[in-house]
Amino acid sequence: MAWAVLIVAGLFEVCWAVGLKYTEGFTRLIPSLWTGGAMLVSLYLLSVALRTLPLGTAYAVWTGVGAVGTVVMGIVLLGESPDLPRLFCIGLIVAGIVGLKLVTPG
C-alpha cells in the first residue's frame, strides 16, 4: 500500500510542478491555489509512505515519478522536445525507479 501512496504522491508532484508554469509567478489565483493544494497533498502522501518505506528510497522514487511525469507533461502540454537522447535519459530514471521497487521491501 505504501508504494501506491508513494506513486500517487509523485503524480501530485507532477501536478504542482506543471501548475507552477501556469501560476505566472503566483500572480494568477486559481492556478496558484491548485498548485499550492497539489504541493500539500503530495507532501502529505509522501509522509504517509515514509511510515513504512525507507527515506532514501521513497524520496528517490517520489522525485523520479515527479521528474518523469513533468517531462512527459512538458512534451504533451507545452510542446517541449521529445528527442531521443532526452527520452533515453527519462528511461534511465524509470529503470532506477523500477530497480528501487525490486530491491526495497514493503
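For the atom pair Ile93 CD1 and Ile90 CD1, the distance stands at 4.0 Å (nearest 0.5 Å). Taking CG of Leu6 as the reference point, atom CG of Leu50 lies at 7.5 Å (rounded to 0.5 Å). Taking OG1 of Thr35 as the reference point, atom CZ of Arg28 lies at 10.0 Å (rounded to 0.5 Å).
Taking every heavy atom of both residues into account, Trp62 and Glu13 meet most closely at O-OE1, 2.7 Å. Residues Leu87 and Pro82 approach most closely at CD1-O, 3.2 Å, considering heavy atoms. For the pair Thr70 and Ala17, the tightest heavy-atom approach, listed with the atom from each and the gap, is OG1-CB, 3.6 Å. Shown here for Gly64 and Ile97, the closest heavy-atom pair between the two residues is C-CD1, 3.5 Å. Minimum interatomic distance between Leu45 and Val5 (heavy atoms only, all atoms of both residues): O-CG1, 3.3 Å. Shortest non-hydrogen contact noted between Val65 and Val14 is O-CG2, 3.7 Å.
Residues Phe12 and Leu40 are members of separate hydrophobic clusters, defined by side-chain heavy-atom contacts under 4.5 angstrom among Ile, Leu, Val, Met, Phe, Trp and Tyr. Val94 and Ile7 fall within a single hydrophobic cluster, where Ile, Leu, Val, Met, Phe, Trp and Tyr are joined by side-chain heavy atoms under 4.5 Å apart, directly or via other members. Cluster annotation: Leu55 and Leu53 are assigned to the same hydrophobic cluster (Ile/Leu/Val/Met/Phe/Trp/Tyr, side-chain heavy-atom contacts under 4.5 Å, transitive). By the rule that hydrophobic residues join a cluster once side-chain heavy atoms approach within less than 4.5 Å of another member, Leu92 and Val71 end up as members of separate clusters. By the criterion of side-chain heavy atoms lying less than 4.5 angstrom apart, applied directly or through intervening Ile, Leu, Val, Met, Phe, Trp or Tyr residues, Val48 is grouped together with Val41 in one hydrophobic cluster.
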Query - Steps toward side chain to side chain contact (heavy atoms under 4.5 Å, CB included) verdict (Thr63, Tyr59) - result: CA-CA 6 Å; Thr63 58; Tyr59 187 74; 3.6 Å; yes

Requested in this report: Apply side chain to side chain contact (heavy atoms under 4.5 Å, CB included) to the pair Glu80 and Met73, showing each step before the final yes or no.
Outcome: CA-CA 9 Å; Glu80 295 177 2; Met73 295 308 291; over 6 Å; no

Requested in this report: In sequence, state the C-alpha distance, the side-chain angles, and the governing distance for Val61 and Trp3, and then conclude on side chain to side chain contact (heavy atoms under 4.5 Å, CB included).
Outcome: CA-CA 9 Å; Val61 171; Trp3 282 98; 3.8 Å; yes

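Of the possible polar contacts, none joining the Ser42 side chain to the Met39 backbone as a donor-acceptor pair under 3.5 Å is found. A donor-acceptor pair under 3.5 Å is formed between the side chain of Thr23 and the backbone N or O of Leu20. No side-chain donor-acceptor contact under 3.5 Å links Thr104 to the backbone of Lys101.
Residues Ile75 and Arg86 have side chains in contact (heavy-atom distance under 4.5 Å, counting atoms from C-beta outward). Side-chain contact between Phe88 and Leu84 is absent, with no heavy atoms from C-beta onward closer than 4.5 Å.
Counting non-hydrogen atoms of neighbouring residues, nucleotides and ligands closer than 6.0 angstrom, the CZ atom of Phe26 exceeds 12 such neighbours.
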